[in-house]
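Along the sequence shown, residues carry numbers from 1.
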Amino acid sequence: MTMNIGEASHASGVSAKMIRYYEEIGLIAPAGRTASNYRVYDADSVNRLRFVRRSRSLGFSLEETERLLKLWDDKERASAEVKALALAHVEELEGKIAEMQAMRDTLAHLAERCHGDDRPNCPILADLEGRPLRQKTAAKDEGGNCCGD
């Protein structure tokens, strides 16, 4: 059974635009063509597209996805190589998670310092500008601003 690009897109969960892109960069083989030059996909092509979609949804890069596809195709592969690739990706994700947690902590701290009222000065904007935050004093400055801004 063959499918056109719209049907393959629906069956695989990969947009037609991305299917064309993956073909263009060589991630997947170019589709067969009808006499009218329409793309046609078979069940194996749709399975490969599902594989690519799942790999990308787990955060693997295009290069990593290509390597995984090659390993998937190699019926003589050692699973140790697949595991090593997966564990390297886990380590990369853990680094990104730590970076995002640090960003979250910084933003939460800045939001705590901001009164969120009618005053124009804001420690969040001051930080984004690169100005150091001053410690809040017992008395507010003459303009009624917080944090010495």
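- Nearest heavy atom pair, residue L27 against residue V52, reads CD2-CG1, 3.8 Å.
- Distance check: R56 CZ to L68 CG gives 11.5 Å after rounding to the nearest 0.5 Å.
- Within 6.0 Å of atom CZ in R50, more than 12 heavy atoms from other residues, nucleotides or ligands are found, so the atom counts as buried in its surroundings.
- For S36 (side chain) and Y38 (main-chain N/O), no donor-acceptor pair under 3.5 Å exists by modelled atom type.
- Closest approach of F60 to E64, counting heavy atoms only: CA-OE1, 3.3 Å.
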#### Entry: E63/R67 under salt bridge (charged side-chain N to carboxylate O under 4.0 Å, His left out): CA gap, chis, key distance, verdict
CA-CA 6 Å; E63 295 79 16; R67 182 72 191 125; over 6 Å; no

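- Under a 4.0 Å N-O distance rule, the pair E81/R77 does not qualify as a salt bridge.
- Put simply, the side chain of H89 never gets that close to the backbone of A84: no donor and acceptor are under 3.5 Å apart.
- Distance alone, capped at 3.5 Å, places no donor-acceptor pair between the S55 side chain and the F51 backbone.
- The distance from atom NZ of K17 to atom CZ of R20, rounded to the nearest 0.5 Å, is 9.5 Å.
- The two residues S15 and S9 come nearest to each other via the heavy atoms CA-OG, 3.5 Å.
- A salt bridge links R48 with D73: the closest approach of a Lys/Arg side-chain nitrogen to an acidic carboxylate oxygen falls below 4.0 angstrom.
- No more than 12 heavy-atom neighbours from other residues, nucleotides or ligands sit within 6.0 angstrom of CD on E91.
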